[in-house]
**Student:** 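Below you will find the structure I want to go over with you.
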Amino acid sequence: MRTIRYTAALATVVMSLMNLPFALDDGGAGLAMPVRILVSLLGLLGLGAAVALLAKASWGAAAVVAIGAVNLVGAVVSVAAGMEGGLIGLTVSLVMTGLAVAALVLQGRAAPRAA
């Protein structure tokens, strides 16, 4: 469980660090400033979710799944539009989301059952 959680957090941090500077430089994609700001905000939220996952917060894995899902949608759009870095974003988002789902499932199995 720990390896899955740590790897999911690492992938989330990597994706978040790729998202953070988007408001300042979108790599020539020509996106509107509100979209660029939202992507950078997603990066901040991703860093918070990664910390929560590492701290074993009950909502940490679910937060990483949600952040990963939003990143997946953005990555698919990026790949479809032929944007630079789209495939890298898609790969990291898939790893992040898949591992976070696994952590969420394992977390649910480890939770005590009510009688």
**Student:** What's the shortest heavy-atom distance between Ala75 and Gly89, and which atoms?
**Tutor:**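 Closest heavy-atom pair between Ala75 and Gly89: CB-C, 3.7 Å.
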**Student:** Calculate, to the nearest 0.5 Å, the distance between atoms CG and OG1 belonging to Leu53 and Thr12 respectively.
**Tutor:**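 Between atom CG of Leu53 and atom OG1 of Thr12 there are 6.5 Å.
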**Student:** In Å, rounded to the nearest 0.5 Å, how long is the span from CG of Leu104 to OG1 of Thr97?
**Tutor:**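 Here the interatomic distance stands at 12.0 Å.
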**Student:** Does the side chain of Leu20 reach to within under 4.5 Å of the side chain of Leu17, using non-hydrogen atoms?
**Tutor:**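 With C-beta onward as the side chain, the pair touches.
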**Student:** Transitively linked via ILVMFWY side-chain contacts under 4.5 Å: Met18 with Val70?
**Tutor:**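 Met18 clusters together with Val70.
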**Student:** Give a yes or no on this: more than 12 heavy atoms of other residues, nucleotides or ligands lie within 6.0 Å of atom CD1 of Ile88.
**Tutor:**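 Open.
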**Student:** Tell me whether Val14 shares a hydrophobic cluster with Ile67, the cluster being built from Ile, Leu, Val, Met, Phe, Trp, Tyr side chains joined at under 4.5 Å.
**Tutor:**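 Same cluster: Val14 reaches Ile67 through Ile, Leu, Val, Met, Phe, Trp or Tyr contacts under 4.5 Å.
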**Student:** Measuring from Arg2:CZ to Leu106:CG, what's the distance to the nearest 0.5 Å?
**Tutor:**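 So the gap between those two atoms works out to 14.0 Å.
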**Student:** Nearest 0.5 Å please: distance from the CZ atom of Arg36 over to the CG atom of Leu31.
**Tutor:**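 Going from CZ on Arg36 over to CG on Leu31, the span is 7.5 Å.
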**Student:** Which value, rounded to the nearest 0.5 Å, describes the distance between Leu94 atom CG and Leu99 atom CG?
**Tutor:**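 Atom-to-atom, Leu94:CG and Leu99:CG are 10.5 Å apart.
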**Student:** Find the distance between CE (Met15) and CG (Leu10) and round it off to the nearest 0.5 Å.
**Tutor:**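 Those atoms lie 13.0 Å apart.
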**Student:** Sequence neighbours left out, what passes side-chain contact (heavy atoms from CB on, under 4.5 Å) with Thr91? Give chain and number order.
**Tutor:**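 Per chain and number, Thr91 pairs via side-chain contact (heavy atoms from CB on, under 4.5 Å) with no residue.
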**Student:** Do Val13 and Leu44 sit in one hydrophobic cluster, given that two such residues count as connected whenever their side-chain heavy atoms are within less than 4.5 Å of each other, even indirectly?
**Tutor:**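 Linked, Val13 and Leu44 end up in one cluster.
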**Student:** Taking all atoms of both residues into account, what is the closest heavy-atom pair of Gly68 and Ser93, and its distance?
**Tutor:**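 Distance-wise, the nearest heavy atoms are O-CB, 4.4 Å.
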**Student:** Check whether Val76 and Leu87 end up in the same hydrophobic cluster, where Ile, Leu, Val, Met, Phe, Trp and Tyr are linked by side-chain heavy atoms less than 4.5 Å apart.
**Tutor:**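 Yes; Leu87 is reachable from Val76 via cluster members.
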**Student:** Are Val95 and Met1 linked, directly or through other ILVMFWY residues, by side chains that come within less than 4.5 angstrom of each other?
**Tutor:**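 Val95 clusters together with Met1.
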**Student:** Please give me the minimum heavy-atom distance between Ala29 and Met83, naming the atom from each residue.
**Tutor:**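 Heavy-atom minimum between the residues: CB-CE, 3.3 Å.
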**Student:** Of the non-hydrogen atoms in Ala49 and Val64, which two are nearest, and what is the gap between them?
**Tutor:**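 Between these two residues, the closest heavy atoms are O-CG2, 3.6 Å.
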**Student:** Say whether, by atom type as modelled, one donor and one acceptor occur between the side chain of Asn19 and the main chain of Leu42 under 3.5 angstrom.
**Tutor:**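 No, the answer is negative, given that no donor and acceptor are paired below the 3.5 Å cut-off.
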**Student:** Can you tell if the side chain of Lys56 reaches within under 4.5 Å of the side chain of Gln107, non-hydrogen atoms only?
**Tutor:**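 Sidechains of Gln107 and Lys56: no contact.
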**Student:** Can a donor-acceptor pair be found, under 3.5 Å and without considering hydrogens, that links the side chain of Ser40 to the backbone of Ala23?
**Tutor:**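 A pair under 3.5 Å: yes.
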